[in-house]
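Worth saying up front: this structure is predicted, and the values here are computed from it rather than measured. Numbered from 1 within each chain, the chains take letters A, B, ... in sequence-line order.
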2 protein chains.
Amino acid sequence: MSEKRPTIVTVAEAAGVAASTISRALKGDKRISPETRARIARVAQELGYTPYASARALSSGRSGLVGIVIGPATNPFYAELLYEAVRQIGERGLRLLVIHAGPGPLENSMADALLQYQVDGCLISSVDLPSHVGAVCAANGVPVVMVNRVAQADTCAVVCDNAFGSVQLGDLLLRSGRRRIALVRTSAASSTARERDAGFTNFMQSAGHPPSLRLDGRSTYEGGFEAGRHIAALPAPERPDSVYAVSDIMAWGVLDALRLAGVAVGRDIAVVGFDGLPQSARPVYDLTTVEQPVVAMIGRGLDLLQARMRDKGLPDETISLRGRLIERGSSGSRA
Amino acid sequence: MSEKRPTIVTVAEAAGVAASTISRALKGDKRISPETRARIARVAQELGYTPYASARALSSGRSGLVGIVIGPATNPFYAELLYEAVRQIGERGLRLLVIHAGPGPLENSMADALLQYQVDGCLISSVDLPSHVGAVCAANGVPVVMVNRVAQADTCAVVCDNAFGSVQLGDLLLRSGRRRIALVRTSAASSTARERDAGFTNFMQSAGHPPSLRLDGRSTYEGGFEAGRHIAALPAPERPDSVYAVSDIMAWGVLDALRLAGVAVGRDIAVVGFDGLPQSARPVYDLTTVEQPVVAMIGRGLDLLQARMRDKGLPDETISLRGRLIERGSSGSRA
DNA sequence: GGGAGTTGAGCAAACGTTTGCGCAAATGCG
DNA sequence: CGCATTTGCGCAAACGTTTGCTCAACTCCC
C-alpha cells in the first residue's frame, strides 16, 4: 500500500548495476556474466520486481498480447477453443486479450483494439475476416492466423481437414449399409460448414448415393432439433436411414428430436456429427463424430503467429490437420 | 506498410496545436474550445489516429484493461459469464484480459499478469481467491470483484441470492406435493454450492421435510448422471419423488440418467436445478430452475469496479441479486 | 481604462523499458 | 610485452501520453 512498486531502476540500484544490465540479464542476454545475472535474479526476486508491460510495449513495440476473436456462445466449440488458447498462450509467456466474442461481425472498434494495445498477433475463428480489418492488420504488421477458417488475403490459417473428415463419416455410413442419406447443413457463410457440406456431397455423389435430403440446421441446436423433427415426421418409406449433421451441436438437436419422437437412433437411423466435442460422448448422445484436434490447432496456430512476430517477412501458410474419427453408438455400426 | 502509424504529435502538427491539447481534446476536457476540439477530431479522424494504450498506461497508470478469471469449460455458466463480460466491458470502452480460465488454482503467475499489465480491475469467478493473490491486488490497489462467489477480505462481490433461490425451488416442490426429497450437491469448496445446499436444507428442515438423500454430483454433468442412475436404481418405495441438483449441469445429468432408465420425469419424479442456462430450456430437459441474472451481475460488478478505479478509497461492498424462478415441465407442476 | 477573473492552450517533466553505441578491463596472439 | 580482440557493462536517447504549471489573451466590472 505504502511502498511504491519496484521498477527496473530500483533493482539496478539495489544490485549496483545499470538499469540496462537488469533488462538484459532478465531476458537472458549472453553478454551478462552468469554471476551478475544470478545476483540480479536474486535481488529482483527479493524486491518482488515484475516489469511494467506498458513500458516494455512502448519501448520495444512488443506487447506480449495475443488477440482472439471467437464465435457465439451457443456453440461450445468456441469455448473449447478459447480455453485451450488461454492455456497455451499462458504457457508461452503471453497473455490473451479478447477482441470479440459472440455473434455479429468484426467492427472497426475491434481493429482499434488491435492497434491500441499493439497486439503481437491475432487468432481469429468464428468469422470470415472483414477485408478492412484484415487490411488494418496487414498495414500494421499484425500477424493473423485464422483458426478453423480458410485463409484470406494476407493471413495464415490452421484448419481441420473438413472434406477428409466428411469423407470418413460418409464412408462409415456406406460401409454400415446406409443408403438414404440426409444432410443437415447450414446456409451460414462459414467456410467450415461449406467444406463439410461439399466434401460430403461430392463423396456421396461419386459413390452413387447423393444425400436425398438437405436441411438447414442454422448452425444451432435448435436448427438441428427442427431438422430432426422434420425427419422423424416423414413416413417410413421416405425417411432417411442416416443423417450427417455438419456440426455436433446440430447433431445433438437431431438426436434429441429423434429420440423424443421415438425413433431408435443407431438402429432405425444413424446420426453422425463433426467437431468431437466432449459432450458428444455422453450416453444420451453417444455420437459418432470427427474430433477436431483443438490442442494441435491452437498449438500450430501459435507457432505460426510467433514465427511471424519474430520475422514479419514470412510468407503466409496454411496448415491442415486431420481430425480423428470417433465411432460411437449413434452410427449403429457397433451393433 | 510504409507510412508510420500516426502519434499524438503527428496529429498535433497537422492541427497546428500542442500535443497536450490533442490529448485533452480527445477526452473531452472542458478547457478546450468546441471549435478546436472539432477540428482536432476531424484531423485525427483523417489521419486515422488511434492512441497507443501502452503509452497511456505508462503515463497515467491506467491501462483500460479488466482482468477476468473464470472456472472450467465443463460448466457452460462460465462461458456465459465470459461472453457477457466481453460485451459489457467493450461497451464501457475497456478491454478484457483473460487471466485464467479453467480448473486449477490461481497461481502466482496470474498475480504477475495483473501487475505487469496494470489491470485496472479484476472480475473473479470460479475460485475462492487465494489469499496471496488477494493481498497482491490489495497492495497494488487493484480493485477486485468476486462474481457469483462470496466476498473475501478486501474484495467486493456480486452474488445471486443462492439461499433465496433454493427456497423458491424448495417451496415449489412442496407446493406440488413432493415430500421425499433428494439433494444432489457437491463437496467442492465453492461458496455458491454451499449456500445453495445450506439454504435448501435449512428451509426443508424447518418445513419438516429435510432431504432424505444427499448425493455428491461433483459439480459436473457426469456426477449428476451418476447420481441420477443411483436414484433410478432405488426400489420404488425408497426412491425420492423429487431432486434438487444445485447446478443446471448436474441437473442435466440427473435428467438424462433418469430418462435413460425409463423414469418419467415431471410425473414420477420432479427435478429442479439452479443457474438458468439457456440449454435448460431445451425440450429434452425442460428444466425448472432459478435463473442467475448474468447480465445484471456483470453490470453491477463492473459498476463496482469502475467506481473503485476512480476512487480507490471506496469501502468494500457486496451486492446480492435475486434470480428468477423459471417453472418448466421437469418439476411436474404444470400437469 | 485599469485590475481581477476567466478562458484556451502550450511547455516540459514524468512514466519504466529497451537498445544502439561506447568504453573500459580482460583476454588472446605473436 | 604490445597490440588487437573479446567480454561485460554503462550511457542516454528513444517510445507516445498524460498532467501540473505557466501564460497570454479576453471579458467583466467598477
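Looking at S60(B), its side chain has no donor and acceptor atom pair within 3.5 Å of the base of dT18(D). Side-chain to base pairing of R24(A) with dG10(D): one donor and one acceptor N or O lie within less than 3.5 Å of each other. Interface remark: the R31(B) side chain does not form any donor-acceptor pair with the dG20(D) base, using a distance-only criterion of under 3.5 Å.
With rounding to whole Å, I32(A) atom CD1 is found 13 Å from dT7(D) atom P. Remark: P of dT19(D) and CG of L58(B) are 12 Å apart, rounded to the nearest angstrom. When rounded to the nearest whole Å, the span between CD1 of I8(B) and P of dG16(D) equals 11 Å. Y117(B) places its OH atom 13 Å from the P atom of dT17(C), with the value rounded to the nearest Å. Going from atom OH of Y49(B) over to atom P of dG16(D) covers 10 Å, rounded to whole Å. Whole-Å rounding puts the E35(B) CD to dT7(C) C1' distance at 12 Å. In this structure, CZ of R5(A) is placed 12 Å from C1' of dC15(C), rounded to the nearest angstrom. Between K30(B) atom NZ and dT6(C) atom P there is a gap of 17 Å when expressed in whole angstrom units.
Other residues, nucleotides and ligands contribute only 12 or fewer heavy atoms inside 6.0 Å of the CD atom of Q45(B).
For the atom pair M309(B) CE and L302(B) CG, the distance stands at 7.5 Å (nearest 0.5 Å).
Distance from the side chain of S33(A) is smallest to dC9(D) among dG16(D), dT17(C), dC9(D). In the set dT18(C), dT17(C), dT18(D), the nucleotide with an atom closest to the side chain of K27(A) is dT18(C). When distances are taken from the side chain of R56(B) to each of dC9(D), dG16(C), dT18(D), the shortest belongs to dT18(D). Set against dG10(C), dT17(D), dT17(C), the side chain of Y52(A) has dT17(C) as its closest nucleotide.
As judged by a 4.0 angstrom heavy-atom cut-off over every strand, S20(B) is placed among the base-contacting residues. Residue contacts for T36(B): at a heavy-atom cut-off of 4.0 Å it reaches the sugar-phosphate backbone alone, with no base atom in range.
Side-chain N/O atoms of T21(A) include one lying less than 4.0 angstrom from OP1 or OP2 on dG10(D). Close to dT18(C), at under 4.0 Å from its OP1 or OP2, lies a side-chain N or O of S23(A). Phosphate proximity of dT19(D) to R62(B): present, with a side-chain N or O under 4.0 Å from OP1 or OP2.
Look at R87(A) and E91(A) and you find a salt bridge, because one of the NZ, NE, NH1 or NH2 atoms lies within 4.0 Å of a carboxylate O, short of that distance. Ion pairing of R95(B) with D120(B) is absent here, as no side-chain N (NZ or NE/NH1/NH2) approaches a carboxylate O to less than 4.0 Å.
Where P34(B) and T7(A) each meet DNA chain C at their nearest nucleotide, the meeting point lying more 5' is that of P34(B). Nearest-nucleotide assignment on DNA chain C puts the 5′-proximal partner with G16(B), out of A55(B) and G16(B).
For the residue pair R149(A) and T192(A), a side-chain donor N or O sits within less than 3.5 Å of a side-chain acceptor on the partner.
Nearest approach of C160(A) to Q292(A), heavy atoms of both residues: CB-OE1, 3.2 Å.
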